[in-house]
Amino acid sequence: MSDNGHRTDETDWSRRKFIVGSVSVLVVGTVALFESSNISRAATAIMGQQVDQGATQVYQDDYYYIPNQMTWQVGTPMVLEIQNLSPVHFHEMQIGRGFQTAPNVFSNLKVQFNEDFWTGVHVTILEADGVDNLVTNKAVVKSDVPTGPWLLTGAGNGNFSPTMRPGGKIKLAFTVPDKPGVWDYGCFVQGYIHYADGMRGSINILPA
Ligand SMILES: [Cu+2]
């Protein structure tokens, strides 16, 4: 299924599929209460049947993303809206490939992706509400809304990643960079627990 190892396990795959299937009805129903226009987009993204372009929703919860699979295309303008539906947990969204690890008493913990998808990408923050922090790393970030100490532009903060408080959301505009292929996304909050529990997905980026 993938050369990344973490998606090759059949049991794992089945479990994830079951979880996503079980929760998607609930989540889509919840979303319908306050944003009916998102239903069709969320549903089609789950099925992976279309190339996402323009406004694209990603929902975070404990511990998964909806959708957990997307298809983008090089050169396409995107407005990625990431919303944390969890009532209690912080969640982030990194996009990358491979892993950086740190030793742990049990094993090596995966702490973030090795390659940061956002390096060199021009990103505009269109909205930010309940954002705990946004690490810019090597992306070129500007904002249409007032920023604050939550915008972490310094070195040493890790990969590009917005972290939302419970109920928080952020809207990011960018053009899909010329980085075709399969990329992973994931949440490495709480020492890899979220990622290990299923909070990950993949983006198939088609050439222009
Ligand atoms: Cu998380």
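First listed ligand is number 1; within each ligand, the first listed atom is number 1.
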Please report, to 0.1 Å, the donor-acceptor pairs under 3.5 Å made by any side chain of residues 125-141, with sequence neighbours excluded.
| residue | atom | partner | partner atom | Å |
| --- | --- | --- | --- | --- |
| Glu127 | OE2 | Lys171 | NZ | 3.0 |
| Asp132 | OD1 | Arg165 | NH2 | 2.9 |
| Thr136 | OG1 | Leu152 | O | 3.4 |
| Asn137 | ND2 | Asp116 | OD2 | 2.9 |

Under the ring-ring contact (aromatic ring centres under 6.0 Å, His included) rule, what pairs show up with a residue in residues 119-173, not counting sequence neighbours? Trp118-Phe160
Glu92 side chain to Phe188 main-chain N or O, any donor-acceptor pair under 3.5 Å? yes
Quick check against the 3.5 Å criterion: does Tyr65 have a side-chain atom that pairs as donor or acceptor with the backbone of Gly186? yes
The Cu ion (ligand 1): protein N, O or S atoms that are less than 2.8 Å away, sorted by chain: His91 ND1, Cys187 SG, His194 ND1
Student check: side-chain heavy atoms of Arg97 and Trp183 closer than 4.5 Å: yes
Using the side chain to side chain donor-acceptor pair (under 3.5 Å) criterion, which residues pair with His194? Sequence neighbours excluded. His91, Gln190
